[in-house]
Each structure stands twice: as structure tokens, then as C-alpha cells.
Amino acid sequence: MTKYWLMKTEPGCYSIDDLATEDKQITPWDGVRNYQARNFMKDDMELGDMVLFYHSVTSPSVVGLAEVARESYPDHTAWNPDDPHFDPKSPEDNPRWFMVDVKFVEKFSNPLPLKFLRTVKGLEGMELLRKGSRLSVMPVTESEFDIICRIARES
DNA sequence: GCCAACGTTGGC
DNA sequence: GCCAACGTTGGC
């Protein structure tokens, strides 16, 4: 059963264009340092699951689609003292942080702004729209996913 | 830049 | 196990 997700990134840090121009259009989703977000990647994400790609901060919007290309494995950036996401409490023999690989699927011709999503019928319950929602990896229902894809193709 | 909403840390 | 202090996220 395909599941559906939303993954956030600051485009100044890593954008959907960065993903589209990666070798094989695949990137490890490293640097997540939140247990809830980690657990979704570690325990629930499966190969082929679909991902709404979300840009935060500059112009908050869903900008395209990606898919899970590799299931969870340790986030090695936690092992590198020179990496900004280095975590001494996540040693190689007992890793604390995990990540998946994500593959580019599609960039929407028109991104769907957060502000607009708030007005769409059927999305009222979306985790993303919850006040104070800060999760960078979160589940999306199939119906929410379908609605968003349909609108993205209409516009 | 502000600030609300969270998550984490650490003293007790 | 509680909770205050602190740091971070992310919309505005």
C-alpha cells in the first residue's frame, strides 16, 4: 500500500530544483534531528511512497512531488564532527538518526501556497495547516494527496 | 525582525 | 518525574 508524506525544506538550503538536478535525481534526506520526523522515516516510509515536496520560509508552498527511493538507513552526517548536524550521541555502532533517499518525480508548474491550501475544501485536517505545526516530515492522507495533485494539474 | 508554538535539556 | 530555561522552527 502506497503511503503519502510531506517533507519540508528551506529552498535556500535545499530546493526542488536541487533535487531535479542531482545525479539520478536522488538525494539522501539527511539532517533531520527530530524524533517524530525520524520515526516516520525509520519505521513507516516504504519504497515507492509518494512525497509532497514543500518549501518553507521564503514562499511557503507545495512545489512538487518526490518518491521514496530507499528505505531508512543511518544518517551518517551525524558522525561527521565537521557537519552542522553532527551529533556525538549518535555513534556509528548505535545510530540515533535515520534517513531515507528521495527521488524527484515532478515540479508543479504552479506551486500551491500554504495560504491557498488553507482555503481548499477537504484539506481542513492537514497536519501542515495546524497552528504551530513544525514537523519536517509528516504523513498526508490519500485524499489530501489526491486533492493537491488534482489542483496542481488544473492550475 | 517578531513571536507563537514546540522540543530538548538539566537541575531538583 | 516535574518544570523552568533555553533553542529552534517557520509563518507573518
Side-chain angles (χ1 to χ4, degrees), chain A residues 3-22 27-45 49-68 71-102 104-141 143-152 155:
Chain A
K3 291 188 291 297
Y4 303 91
W5 306 94
L6 181 144
M7 293 169 108
K8 280 185 196 172
T9 174
E10 295 187 26
C13 174
Y14 193 90
S15 73
I16 193 160
D17 293 322
D18 293 327
L19 179 59
T21 53
E22 286 297 348
T27 191
W29 205 255
D30 57 45
V32 172
R33 296 293 179 268
N34 169 282
Y35 288 104
Q36 220 180 330
R38 177 207 66 179
N39 289 346
F40 287 133
M41 290 196 290
K42 185 162 83 69
D43 304 330
D44 299 327
M45 279 194 174
D49 281 1
M50 295 302 296
V51 176
L52 296 172
F53 201 99
Y54 181 82
H55 283 176
S56 66
V57 183
T58 49
S59 59
S61 35
V62 175
V63 294
L65 302 179
E67 68 182 299
V68 175
E71 294 178 9
S72 80
Y73 60 107
D75 181 345
H76 52 74
T77 64
W79 303 336
N80 179 3
D82 296 326
D83 192 282
H85 300 291
F86 172 64
D87 183 356
K89 292 177 196 157
S90 181
E92 289 196 45
D93 56 1
N94 184 21
R96 172 178 299 197
W97 303 113
F98 290 77
M99 61 189 178
V100 297
D101 283 358
V102 159
F104 176 82
V105 171
E106 164 182 355
K107 180 182 175 181
F108 294 158
S109 44
N110 294 300
L112 305 178
L114 180 65
K115 215 172 170 181
F116 166 71
L117 294 177
R118 292 191 188 283
T119 70
V120 176
K121 197 158 179 288
L123 300 183
E124 298 86 357
M126 260 190 105
E127 168 68 22
L128 178 72
L129 306 185
R130 241 193 63 234
K131 190 177 178 179
S133 171
R134 292 195 319 178
L135 266 181
S136 64
V137 177
M138 65 180 82
V140 170
T141 68
S143 118
E144 290 161 353
F145 183 86
D146 287 346
I147 290 171
I148 286 173
C149 287
R150 184 167 38 76
I151 296 173
S155 53

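Remember, predicted model here, so these are calculated numbers, not experimental data. Below, chain A is the first sequence line, B the second, and so on; all start at residue 1.
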Nearest-angstrom distance from the residue atom [atom1] of [X] to [atom2] of [N]:
{"X": "Asn34(A)", "N": "dT9(B)", "atom1": "CG", "atom2": "P", "answer": "11 Å"}
{"X": "Asp87(A)", "N": "dG7(B)", "atom1": "CG", "atom2": "P", "answer": "18 Å"}
{"X": "His85(A)", "N": "dT8(B)", "atom1": "NE2", "atom2": "C1'", "answer": "17 Å"}
{"X": "Trp97(A)", "N": "dG7(B)", "atom1": "CH2", "atom2": "P", "answer": "12 Å"}
{"X": "Met126(A)", "N": "dG11(C)", "atom1": "CE", "atom2": "P", "answer": "13 Å"}
{"X": "Leu117(A)", "N": "dC12(C)", "atom1": "CG", "atom2": "C1'", "answer": "16 Å"}
{"X": "Leu129(A)", "N": "dA5(B)", "atom1": "CG", "atom2": "P", "answer": "16 Å"}
{"X": "Glu10(A)", "N": "dT9(C)", "atom1": "CD", "atom2": "C1'", "answer": "8 Å"}

Among [options], find the nucleotide with the atom closest to the side chain of [X].
{"X": "Leu114(A)", "options": "dG10(C), dC12(C), dA5(B)", "answer": "dC12(C)"}
{"X": "Pro60(A)", "options": "dT9(B), dG11(C), dT9(C)", "answer": "dG11(C)"}
{"X": "Tyr35(A)", "options": "dT9(B), dT8(B), dA4(B)", "answer": "dT8(B)"}

What is the nucleic acid contact for [X], judged by heavy atoms within less than 4.0 Å: base, sugar-phosphate only, or nothing?
{"X": "Gln36(A)", "value": "sugar-phosphate"}
{"X": "Arg33(A)", "value": "nothing"}
{"X": "Lys115(A)", "value": "nothing"}

_From CA spacing to verdict: salt bridge (Lys or Arg N to Asp or Glu O under 4.0 Å), Asp43(A), Arg38(A)_ = CA-CA 8 Å; Asp43(A) 304 330; Arg38(A) 177 207 66 179; over 6 Å; no
_Min side-chain heavy-atom separation Met45(A)-Met7(A) under 4.5 Å_ =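 Answer yes - side chains close enough.
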[X] side chain near [N] phosphate (N/O to OP1/OP2, under 4.0 Å):
{"X": "Lys8(A)", "N": "dG10(C)", "result": "yes"}
{"X": "Lys131(A)", "N": "dC12(C)", "result": "no"}
{"X": "Arg130(A)", "N": "dA5(B)", "result": "no"}

*Passing option when Val120(A) is tested against Leu112(A), Leu129(A), Ile151(A) for side chain to side chain contact (heavy atoms under 4.5 Å, CB included)*: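 It is Ile151(A), the one option of Leu112(A), Leu129(A), Ile151(A) that forms the side chain to side chain contact (heavy atoms under 4.5 Å, CB included) with Val120(A).
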*asked:* Before you tell me yes or no, could you show the steps for Tyr4(A) and Asp146(A) under side chain to side chain donor-acceptor pair (under 3.5 Å), namely the whole-Å CA-CA distance, both residues' side-chain angles and the distance that decides it to 0.1 Å?
replied: CA-CA 10 Å; Tyr4(A) 303 91; Asp146(A) 287 346; 5.1 Å; no
*asked:* If the condition is ring pair (Phe, Tyr, Trp, His ring centres under 6.0 Å), which residues does Phe40(A) pass it with, not counting sequence neighbours?
replied: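 Residues passing ring pair (Phe, Tyr, Trp, His ring centres under 6.0 Å) with Phe40(A): Trp5(A).
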